[in-house]
Amino acid sequence: VQLQASGGGLVQAGGSLRLSCAASGRTFFTYHMGWFRQAPGKERQFVGAISRSGSFTYYADFVKGRFTFSRDNTKNTVYLQMNSLNPEDTAVYYCAANQGGDYTDYKGYTYWGQGTQVTVSS
């Protein structure tokens, strides 16, 4: 599976962005999908995940109520809607595919996108 993340950019605090992650291949629906982020000088951080069917989502505490995951298996795409952004959300955001491992741990993910930069100005 190849993943291509897009949608990042520069936004002012309080603004919104929608990230997309498009997958190649016919097995996209068999993967749980996760989002991670990494700020300069910091470790990669779990943002959240969405189940294969999209019926279950899990959010890290720091994004609850602000970020929303969704997916369209007919388009092989997963989305991350980010609202009420603040400067602390500035990072490179990565999507990743999980075949059944711990979805909160980056080690549980098999395939990774290249990342898309999100910058939030104050």
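- Scanning both residues, T104 and D102, for their nearest heavy atoms gives OG1-OD1, 2.7 Å.
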Report the C-alpha separation of Q38 and Q45 in whole Å, then their side-chain angles, then the decisive distance to 0.1 Å, and conclude whether the side-chain contact (heavy atoms from CB on, under 4.5 Å) test is met. CA-CA 6 Å; Q38 189 165 19; Q45 186 179 36; over 6 Å; no

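- In this structure, the separation between OG on S51 and CZ on R71 is 7.0 Å, given to the nearest 0.5 Å.
- Looking only at distances, no side-chain donor or acceptor of S20 sits under 3.5 Å from a matching main-chain atom of Y79.
- Under a 3.5 Å cut-off, the side chain of N98 and the backbone N or O of G101 do form a donor-acceptor pair.
- Counting only heavy atoms from C-beta outward, the side chains of F69 and V47 approach each other to under 4.5 Å.
- Atoms CG and OG, from L3 and S24 in turn, are 7.0 Å apart once rounded to the nearest 0.5 Å.
- For the atom pair D105 CG and R44 CZ, the distance stands at 11.5 Å (nearest 0.5 Å).
- Cluster annotation: L80 is connected to L17 through the hydrophobic network of ILVMFWY side chains, with a link wherever side-chain heavy atoms come within less than 4.5 Å.
- The hydrophobic clustering, which links ILVMFWY residues whose side-chain heavy atoms are closer than 4.5 Å, places F62 and M82 together.
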Side-chain donor-acceptor pairs under 3.5 Å in residues 115-122, sequence neighbours left out?
| residue | atom | partner | partner atom | Å |
| --- | --- | --- | --- | --- |
| T116 | OG1 | G8 | N | 3.1 |
| Q117 | NE2 | A91 | O | 3.4 |
| Q117 | NE2 | T119 | OG1 | 3.3 |

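- In this structure, the side chain to side chain donor-acceptor pair (under 3.5 Å) partners of Q81, at least two apart in sequence or on a different chain, are N83.
- Atom CZ of residue F28 and atom CG of residue N76 lie 6.0 Å apart, to the nearest 0.5 angstrom.
- Proximity of W35 to C21: side-chain heavy atoms (C-beta onward) are separated by under 4.5 Å at one or more points.
- By the 4.5 Å side-chain criterion applied to Ile, Leu, Val, Met, Phe, Trp and Tyr, F46 is assigned to a cluster that also includes F36, F56, Y58, V92, Y94, Y103, Y106, Y109, W112.
- Taking all atoms of both residues into account, the shortest heavy-atom contact from Y59 to F67 is CE2-O, 3.2 Å.
- In this structure R52 satisfies the side chain to side chain donor-acceptor pair (under 3.5 Å) test together with H32, sequence neighbours excluded.
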side-chain contact (heavy atoms from CB on, under 4.5 Å) between Y111 and Q2, intermediate numbers included: CA-CA 7 Å; Y111 303 102; Q2 292 185 324; over 6 Å; no

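- Clustering ILVMFWY residues whenever any of their side-chain heavy atoms sit less than 4.5 angstrom apart, transitively, puts Y93 in a cluster other than the one holding L10.
- Residue pairs that meet the salt bridge (Lys or Arg N to Asp or Glu O under 4.0 Å) test with at least one member in residues 83-96, sequence neighbours left out, are R37-D89, R66-D89.
- Side-chain atoms of D72 do not come within 3.5 Å of backbone N or O of T77 as any donor-acceptor pair.
- With sequence neighbours excluded, the residues satisfying salt bridge (charged side-chain N to carboxylate O under 4.0 Å, His left out) with K64 are D61.
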